[in-house]
Amino acid sequence: MNPQESVAKPRSRRPIRVLIAKPGLDGHDRGAKVVARALRDAGMEVIYAGLRQTPEDIVEAALEEDVDIIGLSILSGAHMVLLPQVVSLLKKRKAHRIRVFAGGIIPDEDAGRLRRIGIRAIFGPGTSLESIVSTARKIAGSRA
Amino acid sequence: MNPPPSGGNRPRKASGPGARLSPTARAIRAGDRRVLARLISDVEAREPATRSILEELYPYTGRIPVIGISGPLGVGKSSLVNLLIQHLRGRGKKVGVIAVDPTSPFSGGAVLGDRIRIQRPAEDTGVFLRSMASRGHSGGVSQSTREVIRLLEAFGMDVVLVETVGSGQVDVEIHEIASTRVVVLVPHLGDDVQTMKAGLFEIADVFAVNKADLPGADEAAHHLMELIRTAPAGEKWHPRIVKTSAQIPLGIPELWEVVEAHESYLREGVPGEQARQRRLRQELRDLVTGRFAGELEDAMDRDPALDRLFQKVAEGTLDPYRAADRVYESLRKR
Ligand SMILES: Nc1nc2c(ncn2[C@@H]2O[C@H](COP(=O)(O)OP(=O)(O)O)[C@@H](O)[C@H]2O)c(=O)[nH]1
Ligand SMILES: [Mg+2]
């Protein structure tokens with residue numbers, strides 16, 4: 001058996017695990033907490049890592065916690081720096097399995113570029129919790 | 001002859017240290033963090049394939065201190081864990097941390113928030129922190145916790161800290177797995193009675209009165225002292241009280257000193273060996289009851305005859321005692 005692979009294939013009995021973090025320097029995390037609770041209420045295990053995480057912190061935590069998804073909340077406008085850093089660190093660590101979604105105020109043209117580098121979903125301020133939950137499920141389901 | 005209390009789990013002939021290990025077990029021994037992270041998930045999911053790896057790694061375990069940190073929500077357990085990690089790292093110790101939070105009984109999901117308070121350099125490989133949800137099934141989380149502790153030890157950690165919220169039976173069960181049990185309280189905690197009811201109080205080796213930067217810490221420590229004094233004697237170890245503040249910070253080296261004093265008390269002789277044997281016996285019981293419970297669940301899922309028995313109880317045509325007899329008989333015949 002290849003030790004890098006899961007010990008056993010069927011992952012059915014395990015809840016989807018999501019790391020929610022807020023990179024960057026801006027202050028409050030109400031939105032991120034609301035999303036965390038919605039995912040919990042949908043039966044997921046949400047590791048809430050809190051504010052001011054660096055991309056390195058986030059990726060190490062995601063690997064340690066063996067999550068399926070990283071959800072990042074960004075309001076500071078630094079999304080075009082921080083999100084690509086997370087994606088490239090995941091690539092560097094050969095963690096292609098881990099999907100990333102982002103929430104925050106992200107202009108359309110940026111959103112397009114972020115999708116192209118591998119951010120799976122981008123949620124603007126008006127996105128309903130139901131749609132975040134169902135997208136998270138879909139993203140996790142597509143995990144290789 | 002008794003093995004020395006801290007002598008670890010003795011190897012069996014077939015798979016002792018030196019025997020050829022499977023690639024996964026070897027990766028754990030070599031300190032591969034990714035393999036450890038995946039294996040913990042598999043252990044948590046109770047994947048049958050983890051069994052042989054746990055067996056292989058068992059001889060490398062049972063030697064290190066396992067420190068339970070429990071107490072009501074918000075008393076500062078994670079903040080103390082954070083400082084204990086720093087303290088231990090400063091002394092060159094590698095630290096495994098398991099932070100258990102309750103699974104919501106309604107959704108089966110959980111928000112695991114202990115990482116917020118536990119910050120460390122991302123590049124420090126001398127720490128491995130894992131958040132675990134209690135995941136409903138009785139006995140299951142205790143067994144997963146024991147196994148994750150073993151994985152962390154086989155991986156090379158010198159100490160494992162286990163944080164649990166101190167409410168409810170499950171938390172007491174997890175806390176009991178530890179070799180030294182620290183219960184964290186704060187001044188003016190109106191519901192410390194609640195904590196006692198939950199059974200945590202009786203099994204504490206060390207009390208940390210945290211938030212000692214706030215008024216009332218001395219009174220709380222005195223009050224605690226009175227309670228301990230009236231507790232049934234007989235055990236040689238008298239629970240110790242340490243005032244701490246994760247805010248200032250204050251009392252962290254002292255807290256660890258007392259924990260170490262308890263660990264060396266355990267190493268010195270009979271009580272430690274008795275405690276070790278008690279824990280192993282409890283684990284064996286959990287493993288066996290876990291298998292029976294699993295069989296029962298399987299049978300209930302698959303066997304329509306059992307389902308009909310439940311129907312009859314629901315309709316009132318059969319009493320639950322006789323129904324239980326029949327379920328029990330049918331399981332024994334398998
Ligand atoms: N004043 C004060 N606050 C503390 C202390 N330790 C923790 N806290 C605060 O108490 C809250 C809960 O802390 P946390 O470590 O998450 O508690 P836990 O739920 O027991 O793990 C946080 O806001 C901490 O900043 C302390 O020693 N003094
Ligand atoms: Mg905590």
Side-chain angles (χ1 to χ4, degrees), chain A residues 1-22 29 32-68 86 89 93-95 97-98 133 136-137, chain B residues 21-28 30 32-54 96-97 99 101-104 106-125 127-137:
Chain A
M1 184 168 32
N2 178 354
Q4 283 291 351
E5 269 177 10
S6 176
V7 173
K9 275 281 116 107
R11 295 181 73 92
S12 55
R13 283 181 64 198
R14 50 190 84 192
I16 295 168
R17 279 169 73 89
V18 187
L19 182 90
I20 298 281
K22 198 160 185 323
D29 59 348
K33 280 184 175 155
V34 170
V35 170
R37 278 196 289 271
L39 296 175
R40 173 200 62 194
D41 293 342
M44 302 180 200
E45 287 180 1
V46 182
I47 294 99
Y48 188 71
L51 299 165
R52 285 185 277 280
Q53 301 285 300
T54 67
E56 286 80 10
D57 293 337
I58 289 165
V59 169
E60 285 315 309
L63 294 175
E64 207 166 56
E65 298 285 359
D66 190 29
V67 297
D68 307 280
V86 169
L89 280 170
R93 303 300 306 272
K94 297 194 170 54
R97 271 181 342 96
I98 301 177
V133 165
R137 279 216 183 92
Chain B
L21 294 176
S22 65
T24 303
R26 219 179 314 135
I28 295 294
D32 187 324
R33 297 174 75 85
R34 296 288 287 282
V35 173
L36 176 62
R38 300 301 305 271
L39 192 55
I40 291 175
S41 300
D42 291 336
V43 160
E44 274 195 283
R46 318 294 310 144
E47 293 288 358
T50 57
R51 152 74 187 262
S52 65
I53 297 159
L54 290 166
V97 183
D101 279 314
T103 291
S104 153
F106 306 107
S107 70
V111 173
L112 312 171
D114 298 307
R115 285 194 91 96
I116 300 174
R117 310 256 173 258
I118 305 176
Q119 303 293 347
R120 59 168 218 274
E123 67 279 3
D124 184 3
T125 55
V127 181
F128 194 100
L129 162 60
R130 184 66 174 238
S131 311
M132 276 175 66
S134 59
R135 295 207 186 162
H137 44 241

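Everything numeric here is computed off the predicted structure, so don't read it as measured data. Reminder, nothing fancy here: chain letters follow the sequence lines and each chain counts from 1.
- Within the structure, the side-chain hydrogen bond (donor to acceptor under 3.5 Å, both in side chains) test picks out no pair touching residues 34-43 of chain A (sequence neighbours left out).
- Contacts between A:A95 and chain B at a heavy-atom distance below 4.5 Å involve backbone atoms as well as side-chain atoms.
- For the pair B:S134 and B:P102, the tightest heavy-atom approach, listed with the atom from each and the gap, is OG-CA, 3.4 Å.
- Here the closest heavy-atom approach between residue A:L39 and residue A:V46 is recorded as CB-CG2, 3.6 Å.
- Rounding to the nearest 0.5 Å places CG of B:L129 at 11.5 Å from CG of B:D124.
- Ranked by heavy-atom pairs under 4.5 Å with chain B, the list A:A21, A:G50, A:A49, A:A36 is led by A:A49.
- Of the two parts of B:F106, neither the backbone nor the side chain holds a non-hydrogen atom closer than 4.5 Å to a non-hydrogen atom of chain A.
- Heavy-atom pairs under 4.5 Å with chain B were tallied for A:M44, A:Q53, A:E65; the largest tally goes to A:E65.
- Contact record, B:S52 with B:A49: OG-O, 3.8 Å, taken as the closest heavy-atom pair.
- B:Q119 touches chain A through its side chain: at least one heavy atom from C-beta onward sits under 4.5 Å away, while N, CA, C and O do not.
- Heavy-atom distances place the side chain of B:R33, and not its backbone, under 4.5 Å from chain A.
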